[in-house]
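Labels below follow one simple rule: chain letters A, B, ... track the order of the sequence lines, proteins then strands, and each chain is numbered from 1.
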2 protein chains.
Amino acid sequence: MAKASSSLQRMTRQRRILMEVMDRANWHPTAEEIYNVVRERAPRISLGTVYRNLDVLSREGMIMKIEETGGQRRYDGNPKPHFHVFCLKCGVVRDLHENDINWDGPPEATCPGFTITGFKLVFEGYCSACLD
Amino acid sequence: MAKASSSLQRMTRQRRILMEVMDRANWHPTAEEIYNVVRERAPRISLGTVYRNLDVLSREGMIMKIEETGGQRRYDGNPKPHFHVFCLKCGVVRDLHENDINWDGPPEATCPGFTITGFKLVFEGYCSACLD
DNA sequence: GTAAATGCAAAAACTTTGCAAATTC
DNA sequence: GAATTTGCAAAGTTTTTGCATTTAC
C-alpha cells in the first residue's frame, strides 16, 4: 500500500489564502472563479498555482472536486460527505445533504426549486494493479 | 416544459457506425479512442463529428457520459442504469451493477480486484429558472 | 541551507464551431 | 428539394508543465 504522505508540506501565503477562500465559499466555483477571488488578496498569484493547490487540497480530502457538471470542473470547500445536483441547462450546482435523500434503494432526492431527472454514482479507489 | 424533440433526425453512415461501435464497446473509451475505432470503418470521419454524435446520443439517453473519472471524459455504450468505479491512480473505469451495491443507507460497493475508498453522487435535472 | 512552492509563459489537452459541400429522407 | 449532417480547419477553453526564482521551515 502506497504511503499516504501529505502533500501539504509548506503553508505558503497563497495556499493559506486559497484555503480560507474555499472554506468560506458558499457556492461551487470553477478554478478561474477561485483565482479571481484569491487575487483580491494575493494579486500576483498565478492560475497555475491555483490549480496546483486545488489538486493538493482535494487529494488531501480538504475540498471536493466536482467533475460531473456537464461543463467545467467545480470545487466545493465543504469536505464533509454530501452530494450535489446540477442543472442540465444552465449548469448551476447546489448541495444536497444526506437527510434530503431517500436511501431506501437507489437514491432518490427532492430539492426545492429543482426537478430531478436522474443521478450518477461513481465509486473511487484503487485497482489491484495500482495498490502496492 | 421544453419539448423533448429528438436530435436523431438522420441516420447517417457515420452515426450508424458510431452507434454500433458504442453498442459493442465493452470498456469505457474516451472520445479520441472512439474516433480511432470508428475510423477503421469510416476513415474520413472527423473528431468533430464524433463529439457531435456522442453529445446527441448521450442527450437522447442512448449512451452514458462519465465525467467523474479524475481525467478525461469517458463514454459508456450501455444506457441501462448501472454505476462505475475508477482507479484514482491509473484512471481505469469499471462497471458496477445494482446488485453489487448495498443500498441500505449511503451506498457501499464491493468490486473484485478493487479497493473502494469513496464515492460521488450527483443528481441532475432542471432548476426552476430553466424549466419552461 | 534545503526542499517545496511560486510566477510566468508556453504548451498541451480537450472540445467546440463556422462554413461550404455532401448526404439523408 | 430541403434540411440535416459532415469534413476540415481554425479557434476556443481548460488544464498542465518547465524552469528560474522565491519562500517556508
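Distance, B:E67 CD to C:dC14 P: 14 Å, rounded to whole Å. Between the CG atom of B:L18 and the P atom of D:dT6 there is a distance of 9 Å, rounded to whole Å. Put simply, CG on B:L8 is 11 Å from P on C:dC25, counting in whole angstrom units. Remark: C1' of D:dT13 and CD of B:Q72 are 15 Å apart, rounded to the nearest angstrom. Rounding to whole angstrom units, NZ of residue B:K65 and P of C:dC14 are separated by 15 Å. Taking atom CZ on B:R15 and atom C1' on C:dT24, their separation rounds to 11 Å, with Å as the unit. One interatomic measurement links the two molecules: CD1 of B:I17 to C1' of C:dT24, which rounds to 15 Å at whole-angstrom precision. Separating the CD atom of B:E33 from the C1' atom of C:dT15 is a distance of 16 Å, rounded to the nearest angstrom.
For D:dT15, one of the phosphate oxygens OP1 or OP2 lies less than 4.0 angstrom from a side-chain nitrogen or oxygen of A:Y51. Under 4.0 angstrom from either OP1 or OP2 of C:dA22 there lies no side-chain N or O belonging to B:R44.
Annotation: side chain to side chain donor-acceptor pair (under 3.5 Å) contacts involving residues 100-122 of chain B, sequence neighbours excluded, comprise B:E68-B:K120.
B:E32 comes within 4.0 angstrom of nothing in the nucleic acid, heavy atoms only.
Judged by distance alone, with hydrogens and angles left aside, the side-chain atoms of A:E67 form a donor-acceptor pair with the main-chain N or O of B:G70 at under 3.5 Å. Remark: the backbone N or O of A:I45 is not paired with any side-chain donor or acceptor of A:T49 at under 3.5 angstrom. Judged by distance alone, with hydrogens and angles left aside, the side-chain atoms of A:H82 form a donor-acceptor pair with the main-chain N or O of A:K80 at under 3.5 Å. Of the possible polar contacts, one joining the B:R15 side chain to the B:R10 backbone as a donor-acceptor pair under 3.5 Å is found.
Ring pair B:F119/A:F83: centre-to-centre distance below 6.0 Å.
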Going 5' to 3' through nucleotides 18-25 of chain D and flagging B where a protein heavy-atom sits under 4.0 Å of the base, S where only the sugar-phosphate is that close, and - otherwise, we get B-----BS
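Nearest-nucleotide assignment on DNA chain C puts the 5′-proximal partner with A:S46, out of A:S46 and B:A31.
By the neighbour-count criterion of 12 heavy atoms within 6.0 Å, atom CE of A:M11 is densely surrounded, having more than that number from other residues, nucleotides or ligands.
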